[in-house]
Enquirer: 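Provided herewith is a single structure, encoded as structure tokens, for subsequent inquiry.
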Amino acid sequence: MSRMVTIISTMETQVSNGPSGTSMPNGPVISTNGSTDDSKTNLIVNYLPQNMTQEEFKSLFGSIGEIESCKLVRDKITGQSLGYGFVNYVDPNDADKAINTLNGLKLQTKTIKVSYARPSSASIRDANLYVSGLPKTMSQKDMEQLFSQYGRIITSRILVDQVTAGISRGVGFIRFDKRNEAEEAIKGLNGQKPLGAAEPITVKFANNPSQKTGQALLTQLYQTAARRYTGPLHHQTQRFRLDNLLNASYGVKSSPTVFPRFSPITIDSMTSLAGVNLTGPTGAGWCIFVYNLSPEADESVLWQLFGPFGAVTNVKVIRDFTTNKCKGFGFVTMTNYDEAAMAIASLNGYRLGDRVLQVSFKTSKQHKA
DNA sequence: TCTTATT
């Protein structure tokens with residue numbers, strides 16, 4: 001777990017958004033004005049994959065415990081996911097568990113962030129700043145130090161070059177807890193030279209994604225369509241980098257020598273040659289059979305393994321009714337055939353701890369024709 | 001010189 005925390009903290013500031021008091025008991029608390037205190041049950045989830053649906057979102061967080069309500073936030077006009085959502089659990093312990101097990105989970109190209117939601121209020125909106133002209137040598141920590149004098153920083157990020165992976169592009173974002181803090185930071189820092197810098201920086205409010213111009217919306221829709229057309233295999237090189245995608249903190253390690261890779265075509269021909277019927281994309285999607293899980297395996301392991309390959313709608317670990325231990329297998333449902341095939345090709349033969357997984361499409365038990 | 005943090 002410590003490894004994961006390290007990875008996240010280098011990427012982005014972790015702030016305690018959560019309940020500040022420690023004296024409050026668990027369970028719903030009704031305040032004097034009659035409203036429910038959900039500070040210990042309500043979570044905000046950031047950096048969700050663009051194509052994740054409400055259903056997948058609910059399925060992922062529902063695997064932790066009973067959900068009171070949840071919502072994937074979408075653009076009012078385009079219906080596009082804004083990449084974040086809220087989950088309100090019934091039990092505060094489940095909210096805590098969700099943070100501990102799902103924060104830092106890698107899904108496709110994203111690393112999701114799970115944290116307590118701050119109480120909703122107008123004062124925390126539009127508090128995101130766009131900063132440019134930063135010295136290339138300035139680190140995220142340096143930037144935070146510069147801005148922290150104006151208020152509580154919720155997130156910060158310096159954009160880096162995609163190719164050289166790590167070189168600062170001299171632009172970044174700072175999100176303050178309160179809009180007035182952001183305003184003060186603009187007044188104090190826009191046009192100023194950071195200590196030792198040659199050029200002044202520009203500090204302004206970031207573009208608000210939900211207030212895009214018509215032109216920007218068209219561009220976005222076009223890009224979305226283009227991505228869809230290119231298909232999910234476009235980034236397969238990246239997707240195959242399992243060592244990067246799978247979080248070491250889960251004890252998931254690949255062993256290159258026992259890592260057979262089949263093409264989706266091979267899977268097709270193997271299954272058809274064997275006269276086996278796939279269960280097919282009926283209703284929910286493509287069901288995948290995962291064999292040789294450890295008795296301790298839980299749903300989060302399956303999300304962790306399959307999430308990077310694409311849209312996962314459901315995972316299930318089959319447990320013994322009396323011991324509640326995993327019986328050694330489970331199922332994963334994926335929406336898209338290509339992504340499911342890629343996951344199978346990559347994960348079949350994958351070494352999870354000291355076990356080698358067997359992964360295939362679930363077959364229906366029928367007599368051969 | 002713009003990623004997606006307030007329902």
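Proteins come first, then strands; the chains are lettered A, B, ... in the order of their sequence lines, and each starts at number 1. Since this is a predicted model, take the numbers as computed values, not measurements.
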Enquirer: At less than 4.0 Å, is any side-chain N or O atom of R169(A) found next to OP1 or OP2 of dC2(B)? Yes or no.
Expert: yes
Enquirer: Measure from CZ on R125(A) to C1' on dT7(B) and round the result to the nearest Å.
Expert: 10 Å
Enquirer: Hey, are R152(A) and E181(A) close enough for a salt bridge, meaning a charged N less than 4.0 Å from a carboxylate O?
Expert: no
Enquirer: What's the closest nucleotide to the side chain of R157(A) if the choices are dT7(B), dT3(B), dC2(B)?
Expert: dT3(B)
Enquirer: Rounding to a whole Å, what distance do you find between I67(A):CD1 and dT7(B):P?
Expert: 19 Å
Enquirer: Give, ordered by number, those residues of residues 173-198 of chain A having at least one heavy-atom distance below 4.0 Å to an atom of DNA chain B; if nothing qualifies, reply none.
Expert: F173(A), R175(A)
Enquirer: Would you say the ring centroid of Y84(A) lies under 6.0 angstrom from that of F57(A)?
Expert: no
Enquirer: Using a cut-off of less than 4.0 Å, is there contact between a side-chain N or O of K71(A) and OP1 or OP2 of dT6(B)?
Expert: no
Enquirer: Roughly, in whole Å, what's the span from CZ in F205(A) to C1' in dT4(B)?
Expert: 17 Å
Enquirer: Provide the full list of ring pair (Phe, Tyr, Trp, His ring centres under 6.0 Å) pairs with a residue in residues 169-208 of chain A, sequence neighbours left out, each pair given once.
Expert: Y130(A)-F173(A)
Enquirer: Can you measure L48(A) atom CG to dT7(B) atom P for me and round it to whole angstrom units?
Expert: 16 Å
Enquirer: Identify all side-chain donor-acceptor contacts of residues 309-316 of chain A below 3.5 Å with residues at least two apart in sequence or on another chain.
Expert:
| residue | atom | partner | partner atom | Å |
| --- | --- | --- | --- | --- |
| T313(A) | OG1 | T333(A) | O | 3.3 |

Enquirer: For N207(A) and dT1(B), give me the distance from atom CG to atom P, rounded to whole Å.
Expert: 14 Å
Enquirer: Does N190(A) have any side-chain hydrogen bond (donor to acceptor under 3.5 Å, both in side chains) partners at least two apart in sequence or in another chain, and if so, which?
Expert: none
Enquirer: Measure across P200(A) and G191(A) and return the closest heavy-atom pair with its distance rounded to 0.1 Å.
Expert: CB-O, 3.2 Å
Enquirer: Q108(A) has an atom CD; how far is it from atom P of dT4(B), in whole Å?
Expert: 14 Å
Enquirer: Which parts of residues 128-138 of chain A get close to DNA chain B, meaning a heavy atom less than 4.0 angstrom away?
Expert: N128(A), Y130(A)
Enquirer: Which residues pass the side-chain hydrogen bond (donor to acceptor under 3.5 Å, both in side chains) test with T137(A), not counting sequence neighbours?
Expert: none
Enquirer: Taking the basic N atoms (NZ, or NE/NH1/NH2) and the acidic carboxylate oxygens, is any pair closer than 4.0 Å for K58(A) and E55(A)?
Expert: no
Enquirer: Start with the C-alpha distance between E66(A) and D91(A), add both sets of side-chain angles, then the distance that settles side chain to side chain contact (heavy atoms under 4.5 Å, CB included), and finish with yes or no.
Expert: CA-CA 7 Å; E66(A) 189 185 346; D91(A) 186 341; over 6 Å; no
Enquirer: Of all the choices, dT4(B), dC2(B), dT7(B), which nucleotide is nearest to the side chain of A206(A) once you look at every atom?
Expert: dC2(B)
Enquirer: Counting side-chain heavy atoms from C-beta on, which of dC2(B), dT6(B), dT7(B) comes nearest to I124(A)?
Expert: dT6(B)
Enquirer: Select one nucleotide: of dC2(B), dT1(B), dT6(B), the one nearest the side-chain heavy atoms of R118(A).
Expert: dT6(B)
Enquirer: To the nearest Å, how far apart are Q50(A) CD and dT3(B) P?
Expert: 11 Å
Enquirer: Let me know the distance between CD of Q54(A) and P of dT7(B), rounded to the nearest Å.
Expert: 15 Å
